[in-house]
Structure formats: C-alpha cells, structure tokens
Amino acid sequence: MARIGIFDSGVGGLTVYQAIKSLLPAAHYSYCSDNEFHPYGTKADEAVAQRLLEVCLRFVAAAKLDVLVIACNTASTVGLDLLRAHLKLPIVGVVPAIKPAAEKSTTGVIGLLATPATIKRPYVDELIRRFASHRHVVRAGSSRLVELAEDKARGKTVPLNLVHEEIKSLFIEFSDHEKSVRLDAVVLGCTHFPLLREELLAASPWPVLWIDSGSAIAARVQHLIATLNLEVGPSPELSTAWVTQKDASTWLLKPLMEHFGFRTLLELPR
Ligand code: DGL
C-alpha cells in the first residue's frame, strides 16, 4: 500500500495534494503542516533547509511514508539536496512552473508570483536562464498572500484590495515598435496561491493565465509509484494530518482538513 506524505509550511500543500489525489484517488495520504515555523518565505535559506530536514525526519517516521512530496516551493528550492542526503525514501519537490508559462505566453511577458525567499533563489535564476531566457520575467514576492490564503483556509473573507496591492507590480504594459505589449501569464510559485485563485482572478487588472505546478507534480508522483511497483488502494486507514504545533488557530482548520479527507489532526511527535 503506497503511503504518500505531503509536506508544507501550512495549508498550501493541499493544492498539490488535490492534484495528486485526482490521479491516485485510492492511495493512502498523510499531510504535514509545519505551522510552528510558518512562514518559510521570510526566513533565511539555511534556517529553512535545517528545519525542513528536522520536521521531515519526524514526519516520515510518524506516518511511515513510502514517498515524500515537498509541496512547498520555498523549501524545495533550498532544501532538497540536504533532505535527499539524509532520507532514503523517494522525494518529489515542487519548483515554480516557469517552463510551461514561458511556452504558453504569446506576448513574451510572464510573471513570477512567489514568496520573497523564492523569487531571490539562485535555483529560480537558473530555471529562468534555462527555460525563459527568450521571455521578459517580472517577479513579485509576497508573504501577505500566504497569510491571506491561511486566513481563507480558516474561514475568513479575503479583501480583494489587499490581493490587488500584492499583484499590481506584475501587471506591466509597455510599447514595443508602437505595439502595446502586456504580461499574459503568471506563475503561481507558492503552493498557497492556488487557494486564492478566485480572488486573484477578480483582482487582476486584465485576464492572464495563472499557472501552478500541481498537475506536473501529480504526474511525477504517479510515475514514481508505478516505477516503484507500489500498490495503490483501497486505503484501509483514515488519512491523518499532522501539525507541528496544536493551538487555537490549528483548530480552525479542522473543517477544511475534513473537507479534504483528513479526519484526524494530530501534533507531530518530537
Ligand atoms: N507554500 C510555501 C511555498 O510554496 C510557502 C509559504 C511560506 O512562506 O511558508 O513556497
């Protein structure tokens, strides 16, 4: 029975979980949110990498995982090598969908919306150099959108003006040989952001393609499960979600977690 673990600093990984579950509905899933150290996107690279290793060691042991998915761009773009050096199981990371956005853009101007940490990573510079050197890439880092997605997951309304403030710097328009050129695709380079899809659509100055990595990661996990010959389903156990700190705010997540099929919410053993 394939036990797939999905890790994120918060609720963002649920967007990746959804994509994986649509391809592998009968697999056994565990979810881990490092809410104690959240947010990752404002912290130093080394601190994020060390914390990722520490929590994932605990998660893999508690949930007895076969496959670990790091459903967090901020963690994946800095911590995968360290994680792979210490953990034996297959690990799938998530990286911003620069390549598909560069391919799909017809105007040649694309945006990268991610955490302040991710937009500065050498890993991201390299992705742009390899796949989007023929494109103009505008970057915007936002931690506030991460918090707004966390609020939404706890049942709060997201003010559209705040979303607009965070994305407006991406919407550039300039003249090229007397033609007006506009950005037409935005990479959602943080797994929290697809949770705000409706708000992003409503707050955009003009329609663009919003591209995330969920389906690409799901396809990789499906391929991995087939290559490893792991059996999938039917799951005899209820799916469990783990948090690194149980507090009043965690309790507010219960309805959403249940909606996603995680009936049990536990504190990750130390
Ligand atoms: N969900 C995470 C990502 O994909 C980041 C959120 C945070 O800042 O903790 O980058």
Side-chain angles (χ1 to χ4, degrees), residues 5-20 31-56 59 68-80 83 91-98 101 111-125 127 139-154 158 162-163 166-167 186-197 199-200 210-218 220-221 241-245 249-250 253 256-257 260 268:
I6 319 281
F7 172 89
D8 184 37
S9 64
V11 294
L14 290 170
T15 62
V16 176
Y17 158 74
Q18 243 181 333
I20 301 173
Y31 190 86
C32 178
S33 154
D34 186 10
N35 59 332
E36 191 181 19
F37 199 67
H38 176 92
Y40 277 23
T42 54
K43 307 227 162 64
D45 293 10
E46 188 51 31
V48 169
Q50 286 300 333
R51 174 71 185 185
L52 178 71
L53 175 62
E54 191 232 301
V55 177
C56 286
F59 180 35
L68 174 62
V69 180
I70 304 302
C72 173
N73 293 265
T74 311
S76 292
T77 49
V78 80
L80 285 181
L83 215 52
I91 300 170
V92 177
V94 44
V95 293
I98 302 280
L112 169 63
L113 185 60
T115 63
T118 299
I119 60 160
K120 288 191 291 211
R121 293 262 152 81
Y123 192 106
V124 168
D125 296 338
L127 278 180
R139 309 185 201 197
S142 172
S143 276
R144 180 175 255 179
L145 286 177
V146 174
E147 292 324 309
L148 292 173
E150 289 283 332
D151 286 352
K152 186 176 177 184
R154 288 164 174 80
V158 177
L162 296 187
V163 176
E166 298 305 295
I167 64 172
V186 177
V187 177
L188 294 177
C190 168
T191 55
H192 277 72
F193 298 167
L195 292 169
L196 298 174
R197 197 175 284 277
E199 290 80 2
L200 289 166
W210 297 96
I211 303 171
D212 65 62
S213 318
S215 52
I217 299 304
R220 267 177 50 207
V221 173
W242 307 86
V243 288
T244 47
Q245 173 174 272
S249 164
T250 316
L253 290 174
L256 181 83
M257 297 315 277
F260 279 99
L268 192 67

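Just follow the structure's listing: the first ligand is 1, and inside any ligand the first atom is 1. As the structure is a prediction and not an experimental result, all values here were calculated from the model. Any value given below was found using the heavy atoms of this structure, including those in side chains, with hydrogens, waters and symmetry copies removed.
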Should [X] be counted as touching ligand 1, given the test is an N or O pair under 3.5 Å?
X	value
T42	no
D8	yes
N73	yes

Assess G12 for proximity to ligand 1: is some non-hydrogen atom of it under 4.0 Å away?
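False for this residue.
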For [atom], grab the closest protein heavy atom and report residue, atom and distance to one decimal in Å.
atom	value
atom 5 (C) of ligand 1	T74 OG1, 3.5 Å
atom 2 (C) of ligand 1	C72 SG, 3.3 Å
atom 6 (C) of ligand 1	S9 OG, 3.4 Å
atom 8 (O) of ligand 1	G41 N, 2.8 Å

Run the numbers for me: atoms of ligand 1, each under 4.0 Å from some heavy atom of H38, listed by number.
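Those atoms are 9 (O).
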Test: D45 and K120 ion pair at under 4.0 Å
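So D45 does not pair with K120 through a salt bridge.
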Is the shortest side-chain N to carboxylate O distance from R144 to E147 below 4.0 Å?
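Salt bridge absent between R144 and E147.
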Taking the side chain from [X] and the backbone from [Y], do they hold a donor-acceptor pair closer than 3.5 Å?
X	Y	result
S213	A216	no
S9	H38	no
R121	T77	no

Among Y40, F7, F193, closest by any non-hydrogen atom to atom 7 (C) of ligand 1:
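Comparing heavy atoms across Y40, F7, F193, the nearest one to atom 7 (C) of ligand 1 lies in Y40.
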Heavy-atom distance under 4.5 Å between the side chains of P96 and V124, does that happen here?
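A side-chain contact under 4.5 Å exists here.
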Non-hydrogen side-chain atoms of V221 and I217 separated by less than 4.5 Å:
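Yes, their side chains come closer than 4.5 Å.
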Which value, rounded to the nearest 0.5 Å, describes the distance between D212 atom CG and L113 atom CG?
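Here the interatomic distance stands at 12.0 Å.
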T115 and ligand 1 - part of the residue with a heavy-atom distance under 4.0 Å
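Just the side chain.
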